[in-house]
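Take a look at this one; I'll ask things after.
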Amino acid sequence: MEEASQSQLEDIFTSLLTKKPIFRNREVMRHTYTPDNLPHREKQIKQLASILVAPLRGELSSNIFIFGKTGTGKTAVVKYVTNGLKKMGEEMERNIDVSYINCEVIDTQYRVLANLAPEFGAEVPMTGWPTDQVYKLFFKAIDSQERFVVIVLDEIDKLVKKGGDDILYNLTRINNDLNNAKVSVIGISNDLRFTEYLDPRVRSSLSQEELVFPPYNALELQDIMWQRAKVGLEPGVLSDGVIPLCAALAAREHGDARRALDLLRIAGEIAEREESPKITENHVRAALDKIEKDRIVEVVRTLPTQSKLVLQAILILEQRGEGVITTGEVYACYENLCKKRSFEILTQRRVSDLISELDMLGIINARVISKGRYGRTKEIRMASSIDRIQQILNMGV
DNA sequence: AATCCACAGGAAGCCCGGGAAC
DNA sequence: GTTCCCGGGCTTCCTGTGGATT
């Protein structure tokens, strides 16, 4: 390292002293933050409020089904309106409870009930009990006093995919048996075709009211970012093209506000680290790259051993570069790999599932193709840089 | 038109580790 | 301790299938 001369040191001090911060309030720039007003969602807010006003009048509110892709403000609007509902409930001395459950994490009937019950004062272990016992306890707890209960099930499609629609069936019918309490359910889903998998009775009962959240267009995304930037960033740190660029990039991904805000925040963090006085379009592009890289690194690093072996097999085949890779080839290579490193060998059926999982994680591309006489298989390709993934793989195992 | 490949992917059920209850 | 539950990973067995080849 070079020796810093006196004048260089002075430069460092002055630059540190004069260094202007980028962020005023970093929290505001996160997509998890719920702002005071939600631009371009006035219609949905009004709709939702007009349904949820029922408990304030002492009536049972309809069940609601909410559709819309990721980052269209579904969760934000629901939280916003239900918060307001709770506050109004307190003012009017009505007993209103709102329970929010994210079904991506809590994805079985048992876990949903075990998470709901404690909110009404019934302690339930996270495992061990029969499900119907938990249900009974939950039922009793909820009916112990007169109240309105709104249960929000976010990412409800995940729940149904794994746990079936039994809970929904029970929850939507629960009012028939309750004496004191009244329950309504808000289901949030980003899979538009998801109701097809539901029992018709559940479907009709759950979608008494339906709300659709269309994607934001680029201009609306800009509005959202401007509004956040006003509070979250120092004035004057934004170069002209930055917000339009973030909006354009996010609009390309079906108008995802979450993505737009992440881009802007990460770009800000990169600018901060570079000690740049302004966020530039290049920072945004760097942010785009960083988000994707970080995601891949994290996913690959935390992959279970067997998935890593399958991925390694695909990598080896890809590097050999002998045309299209199929499930059979991957399995053969994987078998070798396991033998060489003395790991247990799973069946091809299981490996086929692991390949599909890797596809869903976006590390590889796998699509089903038919080679006519030569059967049906998956055509497998790497989705991103082979070298980088090999590096991450080398660190583990 | 019939055949037939190389799998896809559903269904059922096993095993195990978590835990509760008795 | 034994016996009961749950869920996740996995195997076994299975039926289904698009389209080149016969």
Side-chain angles (χ1 to χ4, degrees), chain A residues 101-118 121-141 153 155-171 191 193-194 196-199 299-300 302-314 317 322-339 341-361 363-381 396-397:
Chain A
I101 297 227
N102 187 333
C103 303
E104 185 163 20
V105 199
I106 300 158
D107 56 2
T108 67
Q109 153 146 274
Y110 185 94
R111 290 213 263 258
V112 168
L113 290 170
N115 272 277
L116 283 173
E123 283 312 316
V124 166
M126 288 313 292
T127 167
W129 282 12
T131 305
D132 56 340
Q133 191 177 340
V134 182
Y135 179 78
K136 271 180 207 150
L137 210 80
F138 163 71
F139 181 93
K140 244 170 126 185
L153 297 172
E155 318 238 7
I156 196 172
D157 43 331
K158 303 264 164 51
L159 172 62
V160 174
K161 232 173 250 169
K162 277 188 107 176
D165 54 10
D166 286 3
I167 337 112
L168 297 186
Y169 186 69
N170 288 331
L171 284 181
D191 183 357
R193 297 187 334 275
F194 139 80
E196 290 167 21
Y197 309 117
L198 284 178
D199 181 311
V299 167
V300 174
T302 55
L303 238 34
T305 315
Q306 287 292 350
S307 297
K308 277 185 183 159
L309 286 164
V310 173
L311 184 59
Q312 182 66 71
I314 297 170
L317 290 170
E322 290 165 8
V324 183
I325 303 172
T326 66
T327 305
E329 286 165 14
V330 172
Y331 188 67
C333 185
Y334 157 84
E335 250 184 317
N336 273 325
L337 216 55
C338 286
K339 277 182 201 150
R341 304 191 191 170
S342 52
F343 281 106
E344 216 179 324
I345 301 171
L346 303 179
T347 55
Q348 180 160 337
R349 177 72 188 81
R350 180 64 186 143
V351 169
S352 170
D353 278 346
L354 293 181
I355 291 172
S356 298
E357 279 173 29
L358 290 174
D359 176 44
M360 287 205 293
L361 291 169
I363 309 171
I364 64 171
N365 288 318
R367 68 191 182 103
V368 185
I369 54 161
S370 177
K371 296 196 293 179
R373 190 65 205 267
Y374 304 105
R376 254 155 77 84
T377 183
K378 282 198 194 97
E379 181 190 64
I380 299 160
R381 260 180 288 130
V397 189

Quiz prompt | Any donor-acceptor pair under 3.5 Å from Asp359(A) side chain to Ile355(A) backbone | solution = no

Quiz prompt | Distance, rounded to the nearest Å, where Arg373(A) contributes CZ and dC5(B) contributes P | solution = 6 Å

Exercise. Rounded off to whole Å, could you give me the NZ-to-C1' distance for the Lys371(A) and dC4(B) pair?
Key: 15 Å

Quiz prompt | Nearest-nucleotide pick for Gln306(A), side chain only, options being dA20(C), dC6(C), dC10(C) | solution = dC10(C)

Quiz item: Nearest-Å distance, CG (Asp107(A)) to P (dG9(C))?
Solution: 11 Å

Practice problem: State whether the side chain of Asp191(A) and the backbone N or O of Asp157(A) hold a donor-acceptor pair below 3.5 Å, judged by distance alone. | Solution: no

Exercise. Check the distance between dG8(C)'s C1' and Asp353(A)'s CG and give it to me in whole angstrom.
Key: 13 Å

Exercise. Quickly work out the Gln133(A) CD to dA20(B) P distance and round it to whole Å.
Key: 12 Å

Exercise. From the options dC6(C), dT21(C), dG7(C), select the nucleotide whose nearest atom is closest to the side chain of Thr108(A).
Key: dG7(C)

Exercise. Side chain of Ser352(A) only, please: which of dG18(C), dA8(B), dG8(C) is the nearest?
Key: dA8(B)

Quiz item: Out of dG9(B), dT11(C), dC7(B), which has the shortest distance to the side chain of Leu346(A)?
Solution: dT11(C)

Quiz item: Is Thr326(A) near enough to dC7(B) that one of its side-chain N or O atoms lies under 4.0 angstrom from OP1 or OP2?
Solution: yes

Practice problem: Kindly say if Thr377(A) contacts the phosphate of dA6(B), meaning a side-chain N or O under 4.0 Å from OP1 or OP2. | Solution: no

Quiz item: Is Thr347(A) near enough to dT11(C) that one of its side-chain N or O atoms lies under 4.0 angstrom from OP1 or OP2?
Solution: yes

Exercise. Using atom OH of Tyr135(A) as one end and atom C1' of dC6(C) as the other, report the distance to the nearest whole Å.
Key: 19 Å

Quiz item: Is a donor-acceptor contact shorter than 3.5 angstrom present between the side chain of Arg349(A) and the base of dG10(B)?
Solution: yes

Self-check item: Side chain of Ser370(A) (C-beta onward), nearest among dC7(B), dG19(C), dG7(C)
Solution: dG19(C)

Quiz item: Are Ser356(A) and Lys378(A) linked by a side-chain donor-acceptor pair shorter than 3.5 Å?
Solution: yes

Self-check item: Selection from dT12(C), dG16(C), dC4(B) that lies nearest to any side-chain heavy atom of Arg376(A)
Solution: dG16(C)

Quiz item: Ile345(A) near the nucleic acid: base, sugar-phosphate alone, or nothing, with a heavy-atom cut-off under 4.0 Å?
Solution: sugar-phosphate

Practice problem: Using modelled atom types only, decide if a donor and an acceptor are shared between the side chain of Tyr135(A) and the backbone of Ile167(A) within a distance under 3.5 Å. | Solution: no

Quiz item: Given dG8(C), is OP1 or OP2 found less than 4.0 Å from the side-chain N or O atoms of Arg111(A)?
Solution: yes

Exercise. With the side chain of Arg350(A) defined as its heavy atoms from C-beta on, choose the nearest nucleotide among dC6(C), dC10(C), dC7(B).
Key: dC10(C)

Practice problem: List the steps, then state whether side-chain hydrogen bond (donor to acceptor under 3.5 Å, both in side chains) holds for Gln312(A) with Tyr334(A). | Solution: CA-CA 8 Å; Gln312(A) 182 66 71; Tyr334(A) 157 84; over 6 Å; no

Quiz prompt | OP1 or OP2 of dC6(C) under 4.0 Å from side-chain N/O of Trp129(A) | solution = no

Quiz prompt | Donor-acceptor contact present, side-chain Thr302(A) to main-chain Val299(A), <3.5 Å | solution = yes

Quiz item: Between dA8(B) and Lys378(A), is there an OP1 or OP2 to side-chain N/O distance shorter than 4.0 Å?
Solution: yes

Quiz item: How long is the line joining CZ of Arg367(A) and C1' of dA8(B), in whole Å?
Solution: 15 Å

Exercise. Mind calculating the distance between CD (Glu357(A)) and P (dG8(C)) to the nearest angstrom?
Key: 12 Å

